[in-house]
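Notes follow once the structure below has been shown.
All values below were derived from every heavy atom in this structure, side-chain atoms included, with hydrogens, water molecules and symmetry-related copies excluded. The chains referred to below are lettered A, B, ... by the order of the sequence lines, with proteins before strands, and numbering in each begins at 1.
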4 protein chains.
Amino acid sequence: MNTLGKIFRISVFGESHGEGVGVIIDGCPPGIMVDEEMLLRDIDRRKSGKKGTTPRKEYDIPVIMSGVFKGYTTGAPIMIMTENTNKRSPDYNKFSDIPRPGHTDMVADQKYGGFSDTRGSGHFSGRLTWSMVAAGAIARKIIEPIVVGAGILSVGGNKNIEEEVERAVAAKDSVGGLIECSASGMPVGLGEPLYYSLEAAVSSYIYSIPAIKGLEFGSGFRAANMRGSEHNDVIENEFGKTSTNNAGGVNGGISNGNDLVLRVAVKPPSSISRPQKTYNRKTGKIDLLEIEGRHDACIALRIPVIIEAALSLALADLVLINKAIYGGKE
Amino acid sequence: MNTLGKIFRISVFGESHGEGVGVIIDGCPPGIMVDEEMLLRDIDRRKSGKKGTTPRKEYDIPVIMSGVFKGYTTGAPIMIMTENTNKRSPDYNKFSDIPRPGHTDMVADQKYGGFSDTRGSGHFSGRLTWSMVAAGAIARKIIEPIVVGAGILSVGGNKNIEEEVERAVAAKDSVGGLIECSASGMPVGLGEPLYYSLEAAVSSYIYSIPAIKGLEFGSGFRAANMRGSEHNDVIENEFGKTSTNNAGGVNGGISNGNDLVLRVAVKPPSSISRPQKTYNRKTGKIDLLEIEGRHDACIALRIPVIIEAALSLALADLVLINKAIYGGKE
Amino acid sequence: MNTLGKIFRISVFGESHGEGVGVIIDGCPPGIMVDEEMLLRDIDRRKSGKKGTTPRKEYDIPVIMSGVFKGYTTGAPIMIMTENTNKRSPDYNKFSDIPRPGHTDMVADQKYGGFSDTRGSGHFSGRLTWSMVAAGAIARKIIEPIVVGAGILSVGGNKNIEEEVERAVAAKDSVGGLIECSASGMPVGLGEPLYYSLEAAVSSYIYSIPAIKGLEFGSGFRAANMRGSEHNDVIENEFGKTSTNNAGGVNGGISNGNDLVLRVAVKPPSSISRPQKTYNRKTGKIDLLEIEGRHDACIALRIPVIIEAALSLALADLVLINKAIYGGKE
Amino acid sequence: MNTLGKIFRISVFGESHGEGVGVIIDGCPPGIMVDEEMLLRDIDRRKSGKKGTTPRKEYDIPVIMSGVFKGYTTGAPIMIMTENTNKRSPDYNKFSDIPRPGHTDMVADQKYGGFSDTRGSGHFSGRLTWSMVAAGAIARKIIEPIVVGAGILSVGGNKNIEEEVERAVAAKDSVGGLIECSASGMPVGLGEPLYYSLEAAVSSYIYSIPAIKGLEFGSGFRAANMRGSEHNDVIENEFGKTSTNNAGGVNGGISNGNDLVLRVAVKPPSSISRPQKTYNRKTGKIDLLEIEGRHDACIALRIPVIIEAALSLALADLVLINKAIYGGKE
């Protein structure tokens, strides 16, 4: 079930401490210029290393294995991967017995009957988002002239982002964050009514990213508190431009030409340095667990580029669907 | 693109003022007791007629056209539909020229090159959610013993729901609402990591419902403001029960056995009785538009049963996927 | 699992003696002229009544329930159905005990645990091909200027078709037939290499029709006996026209601009008037079974238009895929 | 469009002279023992080197990149690939101008607007069937106790296979072949009626293999010449065993418990040593083309294991679908 999209489709594979992680991109038009350099621009933005992100080095160099020839996509499936060079793995087995709160230790063990690759959370790891970022870099080209951009609005409810992260680090704790993403240059007409509405398509990509707890479009949760007279965006010209953008660029699941605007809530990372209570499955008692190593104190800092990728991928699929169905007779 | 699900799949059809609306349900196990009576229990809850909902009668009687024999599902595709008895239609054509704010008049006209059925918003109409509710009634049987329930938390930010609706009606206005839905009796292990995570699956159903502006799980948008030490749910016993439920019943995209909890924000209906400004595509000027007829002042009141249906349908698909992949050798 | 196609998608429902049979067509471009008259041209060709086909009347009148407005497709899902007016049903239950050779009585009973609708073979009935023919009539419009046509090559190995059918009827027997179908006006480039090759796409539609035992393209089974020097088609001009057409219009899964040519083998109907031996599941002994009523002696006579529909549907999907992926930047 | 299957799904990538070829297998149950050794048993059978197959060495060693941990599948996507060690490539560019008869040179050039990877036929190469064989080795485990086996029936119409191949080689020519494949140990009930019938499912895999011109089940094309009294298989016992097997193990698209039997026709390879006439796109004249290098004279010899893989993969998908839908309540 690791495929997203109907025409422009991505299929992910890999584990945190296995051989590597990667993605097959299917349904990509031929003739698009693609090289490792271009992929790296997005991949680098996802990297850790900033304050509040883990200083552990990840070897993120992308290798294009298929589907690109002489610098251009060929129309054949594109496979891009990155090797895991650091496969040494501390003992994650103990977490089957003493599951870390907020982690997948217990559910993975039960779902897969003990066969799950537990090293570094295996296939559940945030490292898998590398694949979405790599594919997203190609999707950006397909949706031109649409431009997608995202940024952090706040961390722990505080707009002084660095300050808040430092406080969390000092407290041996972690902290959540709020991200806004928008797409400008939107055409009218992307999205299919109801079951593949723009929001439905986008949400299935966004909620494929670990740690996302909320997603809203335009006015979002504020809409629940509003009156219609206040919420309705006044249409101002023949292109459908509206005075306000409570719709977030979408009417009835279809883009209306205004900027597409969405926000996502990212939870604080589950791995924190301070001791936590959890159930010990061997002893049947509550234990105090200390998680060693260095972890992201604020994973939200690394997520804007992943949200951009997710949105670009969803839009690329909708753009190609539009060309198929509404492209007109040639 | 009007199909949702991978095994238990629903495909929708119909228009607001066409012949009728309906749904094909594919991948439904044989031997499930289904009759019109049972479907009506949910369908009736979706009906208008309460304060704040339109008094217009809808003829909602379901007819099971296939896939059920002697009161039980046969394993063949189930088609259920309801006829539109009221097909007289006021002049919706004018809205192509003077598009209603917040409606699909303009985007539909442009997307479909003028071929769209504009009567009562056609295929975009909220009437299409009838299909989801009918299918959802069957999905409930498949996910037993999971029980899904939803209710209104507030309307226009006010917990005194009737009062707030009356105020909006008095003001010739409409109002949004906040809904909470939960599933109890959840097993551990529903959902596939990443691209068909429990949240990704559920969100694609929820965002297929018109008027939804936001969706959050567990702590939701509050998570962005929290610390990890506060957000992490302490595991308390061998079944994975947690002391708090910030996770909303999901870890890493997999159900953890606790109640699944989500909230959705519903926007205020776009049709309001008071005059609104909008662009006149014929004259090129801003006009004052009055929308006649009687409309729902608070569509959120009718949506809890649709959210229940959406969640039940998503869970039914995940339950069958689990049986396929993790059911073990027979 | 009753959906075919990736963009232009059809989903079937119905039973032989239930309320009716029908189809949802999704992904159909707007602006295509469609009416019942046009559908009937194909539907009539599928009808029984000719020598060798059952004189039983079928009420085949199509009703367009959605997706068409003022005579044109709207871009919304199209639902077309026909009611079963003759729902009286002889006792098919006995066939669960004394299964008819060549029929689905025994497998359906076992697969669906006794819940199957057995009347007139239920969802397995050839009547379900009505849906493919109705949808195929619309697909023909999408693939213009491609023209698809099929005809009977032989019946029971005899080119004197009427004669052979009469002989079978006289012998209280049934007889098989061979059909050829071709598409002219083919563009170069339809089909995706490997997993959605032109042949793979087409075959999944053709083998969805009951009673098909073989399918071959171009040289077909003769290719197994040929040398390369004999089989290779010499390319003669810049459009790729070849002197011979052993390829059947396909190279490497992609159309080459020559006529697409395929042949299908249709088995003799399993219902014959003469007594047949079969296993009695109640007594545990071999019984002699007489099947009453009047049946098609040669179902192959009714199948050419269904093959045309199947091919048109597959091509329509490939045409839209091509527009999506290879349509170029607009 | 390079994915096959609904639950047990394979996605292929790679080119003949690119970095490598491989496959992602999704929806595979956890706990299946898999190692390179086991994969090699099937992969080795696909290798060239026998009389009539090219002596060129292919480096076929599989590397399991994900989804297997400590020798067992984990439930996560399995990626298996093999590197292309011989990436030197003769000049295939000339074939864009002077297209080889029977090859994809011309259609690929036109379909992909000149961006196609032409080296060794790129993504169209028979080398891509490596992926199907690797995945098929795992599928075999899922369908146990079903056992799938295939063999050559004839080459060039001759049962003396080696003799006929030698004659073709001596004549600087190539030759086609006929293959039979069967599955024993079949349960009753695999396959979905109509659009995912056993034959429809299997055919979409079989016709994904290059060089296949025909596919028939059971009596196949002989059925077109038969009478019903002759074709109907007499049911003999409570397990549905039949005296003959004209049905090829399938009734109404559902397995009936008898052996599943199919035959495929493989065309003679298009690359032959003798000079051939073809159109020169530069000069606009017919040229005489000589294809250098050593090629398979009879590709059919290498295909039985690929047919086995194709059938195993289709059955694996159907087995898992059955567990999902008909597995009963737990």
Seminar exercise, completed: The interface call for B/Q276 against chain A, heavy-atom contacts under 4.5 Å, is side chain
Problem set entry | Contact origin within A/I321 toward chain B - heavy atom pairs under 4.5 Å | side chain
For this session: Identify which part of B/N246 has an atom lying under 4.5 Å from any heavy atom of chain A, answering side chain, backbone, both or neither.
Result: backbone
Exercise. If only atom types and distance count, is the side chain of A/S229 paired as donor or acceptor with the main-chain N or O of B/I272 below 3.5 Å?
Worked result: no
For this session: Against chain B, work out which of A/L198, A/V264, A/N237 has the most heavy-atom pairs shorter than 4.5 Å and name it.
Result: A/N237
For this session: Would you check if B/E164 and A/R227 make a side-chain contact, meaning some heavy-atom pair closer than 4.5 Å?
Result: yes
For this session: Just give me the residue among B/N232, B/N251, B/T104 that pairs up with chain A most often, heavy atom to heavy atom, under 4.5 Å.
Result: B/N232
For this session: Using non-hydrogen atoms and a 4.5 Å limit, figure out which bit of A/E238 sits close to chain B: side chain, backbone, both or neither.
Result: both
Problem set entry | A/D233 versus chain B, the contacting section by heavy-atom distance below 4.5 Å | backbone
Seminar exercise, completed: If one checks every heavy atom of B/S255 against chain A at 4.5 Å, the contacting part turns out to be backbone
Exercise. Does any non-hydrogen side-chain atom of A/F221 lie less than 4.5 Å from one of B/L178?
Worked result: yes
Seminar exercise, completed: Highest number of heavy-atom pairs under 4.5 Å with chain A among B/G156, B/G189, B/G102 belongs to B/G156
For this session: Compare all side-chain heavy atoms of A/H123 with those of B/L194 and state whether any distance is below 4.5 angstrom.
Result: yes
Problem set entry | Residue part contacting chain B, namely of A/V12, when any heavy atom lies under 4.5 Å | both
Seminar exercise, completed: One option among A/S11, A/G157, A/G252, A/S174 has the most heavy-atom pairs under 4.5 Å with chain B, and it is A/S174
Problem set entry | Which atom of A/H231 lies closest to which atom of B/P268, heavy atoms considered | CB-CG, 3.6 Å
For this session: Please state whether the side chain, the backbone, both or neither of A/Y112 comes within less than 4.5 Å of a heavy atom of chain B.
Result: side chain
Problem set entry | Short side-chain to backbone donor-acceptor contact, B/K111 and A/V188, under 3.5 Å | no
Exercise. Do the side chain of A/S197 and the main chain of B/Y207 share a donor and acceptor less than 3.5 angstrom apart?
Worked result: yes
